[in-house]
**Q** 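Take a look at the following structure, please.
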Number of protein chains: 2
Amino acid sequence: MKDRMTPAVRMAGHSQRGQCAKRLSILDAAADVFCRQGFAGASIDEIAAVACVSRQTIYNHYREKETLFVAVVEDVMNRANAMLFSVLSGFPENADNLEDDLTGFAVRLNKNCICNHDGKFLRKLVQTEGERYPHLFESWRRQGPGKLTTALSALLARLAHGRALVIDDFDVAARQFVALCNADLQMMTLFGETPSDEQLEKAARNAVRTFLKAYGAPPADKAGPRAHLAALPG
Amino acid sequence: MKDRMTPAVRMAGHSQRGQCAKRLSILDAAADVFCRQGFAGASIDEIAAVACVSRQTIYNHYREKETLFVAVVEDVMNRANAMLFSVLSGFPENADNLEDDLTGFAVRLNKNCICNHDGKFLRKLVQTEGERYPHLFESWRRQGPGKLTTALSALLARLAHGRALVIDDFDVAARQFVALCNADLQMMTLFGETPSDEQLEKAARNAVRTFLKAYGAPPADKAGPRAHLAALPG
DNA sequence: GTAAAATTAGACTCCATTGTCTAAATCGTC
DNA sequence: GACGATTTAGACAATGGAGTCTAATTTTAC
């Protein structure tokens, strides 16, 4: 059996674009089938059919079903983490327009990290296969959601330092922010349904309003401390 | 094939305690195995072994694997719903000691409905098999989580009517309360881990504090509107 | 105690799937 | 256009699980 080429080598020359395309096609198809059927229920033949590739090609690239599964999970995790930090980079820097900026951030968080394909895949697979592959998912937990809390916590601390928020425990506030973002979509998320843009917008707005009611800094004494309530439309 | 007896008939005489015990034993074992392995991964032989029953006995009670699966899911749903409404009945009636009472309620909600065996089972199975049995899980969604929001919303409305809370949208507040309760346990919940009593307590306290910061009624003008912050320990 | 019903172990068939192998076809490079 | 590498379709063996059947045993009802 010859050595498998590393991704770097694989991308080096344009010579193997075809091979690389097959690989990606297999990964995508496998993600789809594993997500729908679970590990046990997924058949290599079905993956091959979805990928428009012969079964043998799959075995050329991945020694066995489990190898393929691990590769798929790692692939999705990498994509999901990259997306997570891309979304995190859009967290509001300053406090002008905080409500709107936070709402936009919440929409992107839900839309691109939690309610998307990859989020659905990871939730499903972590739950069903987590116990069978502890270190695989444990590493995701540390690198994905774990770092999300840490990073979000730091971003909230920055806003609090700038007097835009009043927060006693940044980690708790970070987790609560994420939880509130999902509050209205929990059931859809659980059932794997995709919310409409309107639903995303409304959920984010509800979340941010409540978050700011709890953690928003009281406006600098010219108005009452709940002035933002009076500013609500309707 | 003879008619299957209804549960009522089954319990009527003491004559069939043995048969009934087998049935329950099969349901429990099947819940365990389906939860660990999913529908496709679960083998009837393993269920029989766990239930200490022969394979044929399972087929005497349930025509085929799918029949057994549906029965298990319905059984767990019924238990979970009963527990849910039992916990709901402990929702605080009046506003003396609201923070502590709500915290106790939040602990019970997490401990007995969300982080327990049945909660884990339902989350897992809804996600993995939900698309294959739409009406089965749809009915649970309406009768379980759906009614939870409705009921909790009404309970919050009662407190708001008694001036203990200030809430604009009761449904949103209900969903947010549940979301906040899980905020600190989300990852453990996802990974199917069971939180300690201490973790449950802390998570509930964090949730209720934030909920009351957002929705607590401002104390009747003797102190500033954020007086409860000053009342925090530390 | 006896008869009917339920349970058991195990053999059995059937079928889907995994993973291997091979010979032909296709692709990319020179 | 030729050559090597890759892909393909399909046959193939081996495995495991679903569901049936039977004959013996146990439990329950009366």
Side-chain angles (χ1 to χ4, degrees), chain A residues 1-7 9-30 33-34 36-72 129 132, chain B residues 1-5 7 9-30 32-34 36-72 129 132:
Chain A
M1 188 173 300
K2 77 192 62 160
D3 291 343
R4 185 149 326 117
M5 284 182 279
T6 69
V9 172
R10 211 171 73 226
M11 305 299 288
H14 62 86
S15 57
Q16 284 154 346
R17 229 176 305 151
Q19 230 184 115
C20 187
K22 295 269 176 203
R23 254 190 132 85
L24 294 184
S25 157
I26 292 171
L27 283 177
D28 285 347
V33 176
F34 278 134
R36 275 190 288 110
Q37 320 269 25
F39 179 81
S43 96
I44 299 282
D45 280 349
E46 186 178 351
I47 294 172
V50 173
C52 297
V53 142
S54 80
R55 180 180 45 245
Q56 186 56 45
T57 300
I58 294 183
Y59 283 108
N60 285 345
H61 286 275
Y62 304 98
R63 194 163 39 81
E64 57 188 356
K65 194 180 177 183
E66 190 170 312
T67 316
L68 172 60
F69 178 73
V70 172
V72 169
E129 318 293 344
R132 226 183 308 276
Chain B
M1 191 172 299
K2 78 192 60 155
D3 292 344
R4 189 156 316 125
M5 282 183 280
V9 172
R10 212 170 73 224
M11 305 297 290
H14 63 85
S15 56
Q16 285 157 343
R17 229 176 304 151
Q19 231 184 114
C20 187
K22 295 267 176 204
R23 256 191 130 83
L24 294 184
S25 158
I26 292 170
L27 282 177
D28 285 347
D32 177 39
V33 177
F34 279 133
R36 274 189 289 108
Q37 320 269 25
F39 180 80
S43 95
I44 299 282
D45 281 347
E46 185 177 353
I47 293 171
V50 173
C52 295
V53 142
S54 78
R55 179 178 47 241
Q56 185 57 43
T57 300
I58 293 182
Y59 283 107
N60 285 346
H61 286 275
Y62 303 97
R63 194 162 41 80
E64 56 187 359
K65 195 181 177 183
E66 188 170 313
T67 317
L68 172 60
F69 178 73
V70 172
V72 169
E129 318 293 343
R132 227 182 308 277

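Nothing here was measured: the structure is a model prediction, and the numbers come from that model. We name chains A, B, ... by the order of the sequence lines, and we start the count at 1 in each one.
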**Q** Side chain of B/K22: nearest nucleotide among D/dG10, D/dT7, C/dT8?
**A** C/dT8
**Q** Output the single nucleotide from C/dT7, D/dT7, C/dG10 whose closest atom is nearest the side chain of B/R55.
**A**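 Nearest to the side chain of B/R55 among the choices is C/dG10.
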**Q** Looking only at heavy atoms, which two atoms of B/I26 and B/I47 are closest? And how far apart?
**A**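 In terms of heavy atoms, the two residues are closest at O-CG2, 4.3 Å.
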**Q** Angle class for the A/F39/A/F34 ring planes (parallel below 30°, perpendicular above 60°, tilted otherwise)?
**A**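 A/F39 and A/F34: parallel rings.
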**Q** Under 4.0 Å between a side-chain N or O of B/H61 and OP1 or OP2 of C/dT7?
**A** yes
**Q** If I take atom NZ in residue B/K65 and atom P in nucleotide C/dA16, what distance separates them, rounded to the nearest angstrom?
**A**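 To the nearest whole Å, that distance equals 14 Å.
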**Q** Taking the nucleotide of DNA chain D with the closest heavy atom to each, which residue, B/Q56 or B/Y59, is nearer the 5' end?
**A** B/Y59
**Q** Take atom CG of A/D45 and atom P of D/dA11, then tell me their distance rounded to the nearest Å.
**A** 13 Å
**Q** Of the options D/dA18, C/dT8, D/dT8, whose atoms approach the side-chain atoms of B/I44 most closely?
**A**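 Selected nucleotide: D/dA18.
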**Q** Round to the nearest Å and state the distance from A/L68 atom CG to C/dT17 atom P.
**A**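 Roughly 16 Å, once rounded to whole Å.
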**Q** Which part of the nucleic acid, if any, lies within contact of B/A42, taking any heavy atom under 4.0 Å across all strands shown: a base, the sugar-phosphate backbone alone, or nothing?
**A**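 Sugar-phosphate: the residue B/A42, judged by heavy atoms under 4.0 Å, touches backbone atoms but no base.
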**Q** Are any of B/T57's side-chain N or O atoms less than 4.0 Å away from OP1 or OP2 of C/dT8?
**A** yes
